[in-house]
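Just so you know, residue 1 is the first one in the sequence shown, and it goes up from there. Computed over heavy atoms, backbone and side chain alike; hydrogens, waters and symmetry mates excluded.
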Amino acid sequence: MGSFSVWHWLIVLVVVIAIFGTKKLRNVGSDLGAAVKGFKDGMKDGSADAPATPPQQVGANKANDPNTVDVDAKTKS
């Protein structure tokens, strides 16, 4: 029950080609290649788009915000 042999993979390949056809498989392959290339380009460009300063902490202006609820200060009534 280990890995499949070469004959099993050939039968699977023939069944997939019979179901989808070679043209559709070629289109899927080219779409997948374009997606991987776009992802790699996005990862290269993504590092340049990172903000230079880290985002501000929420706790700094917590007391000044009227919508903030202090859970520790609330008691059950």
Q) How long is the span from the CG atom in Leu25 to the CD1 atom in Ile19, to the nearest 0.5 Å? A) 10.0 Å
Q | Distance in Å, Asn27 CG paired with Thr22 OG1, rounded so as to fall on 0.5 Å steps | A | 9.5 Å
Q) Linking I/L/V/M/F/W/Y whenever their side-chain heavy atoms sit closer than 4.5 Å, directly or via other members, would Val12 and Phe20 fall into one cluster? A) yes
(Q) For Leu10, give me all partners under side chain to side chain contact (heavy atoms under 4.5 Å, CB included), at least two apart in sequence or on another chain. (A) Val6, Trp7
